[in-house]
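What follows is one structure encoded as structure tokens, with my remarks underneath.
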Amino acid sequence: MGDDLREYRRKRDLAASGEPGGGKRRARGPIFVIQKHDASSLHYDLRLEADGVLKSWAVPKGPSTDPRDKRLAMRTEDHPLDYADFEGVIPEGNYGAGTVIVWDTGVYRNTTTDRDGNEVPVAEAVRRGHVSFELHGRKLTGGFALTRTGSDDRRWILIKKRDEGADARRNPTSTQPESVLSGRTNQDLADAGE
Ligand code: MN
């Protein structure tokens with residue numbers, strides 16, 4: 001019995017029903033999430049699971065699939081793991097007031113190595129100022145890198161690596177604005193006043 005969920009899956013069209021596929025996701029690796037956050041200024045919160053929290057950066061222009069783009073990424077506070085599937089409206093008067101959707105999510109693989117080719121754990125890589133990782137999302141796939149720049153500890157640069165997930169002609173932040181969880185946009189949430 002390698003897979004006790006075979007019957008569960010055989011009975012369902014999970015893509016159509018929206019029901020959970022069950023348990024496999026976490027086994028394949030740590031999760032990442034990119035939340036589109038329409039706050040006082042629009043940005044995309046990139047979060048990587050490491051050491052039981054979500055290491056976080058705010059990317060004003062969002063991620064690019066064009067390896068020539070360098071996107072500013074401001075390091076923000078670690079978030080709890082269960083923030084990864086949060087969508088909703090943060091009410092006026094609260095920190096980060098505005099709408100949040102899960103723009104992309106999935107698992108990722110840490111590909112950060114030191115000069116000797118040994119893997120550097122993500123939390124340590126963040127302290128050192130360089131993280132390489134491979135995303136397995138719905139909108140984004142392949143290698144990315146985050147690198148701290150200059151003297152300001154908060155300023156990092158996010159780039160797409162050259163691989164099969166790179167595509168200079170794609171512009172997913174404008175052509176695919178919707179949530180991968182609910183299909184809703186930030187405007188949908190704002191209109192619903194949730
Ligand atoms: Mn934010």
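In listed order, ligands and their atoms are each counted from 1. Everything numeric in this text was worked out from a predicted model, so none of it was measured.
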Exercise. Do Q176 and R170 meet the criterion of a side-chain donor-acceptor pair at a distance under 3.5 Å?
Worked result: yes

Problem set entry | Atom pair CH2 (W103) and CG (L140), whose distance is rounded to the nearest 0.5 Å | 4.5 Å

Exercise. Does the R71 side chain pair with the main chain of G62, one donor and one acceptor, at a distance under 3.5 Å?
Worked result: yes

Exercise. Aromatic rings F86 and Y83: how do their planes relate, parallel, tilted or perpendicular, breaks at 30° and 60°?
Worked result: tilted

For this session: Measure distances from the Mn ion (ligand 1) and count the protein N, O or S atoms below 2.8 Å.
Result: 3

Seminar exercise, completed: Residues at least two apart in sequence or cross-chain that pass side chain to side chain contact (heavy atoms under 4.5 Å, CB included) with T111, listed by chain then number, are R109, S132, E134, K161

Exercise. When you look at CD of E77, are more than 12 heavy atoms from neighbouring residues, nucleotides or ligands closer to it than 6.0 Å?
Worked result: yes

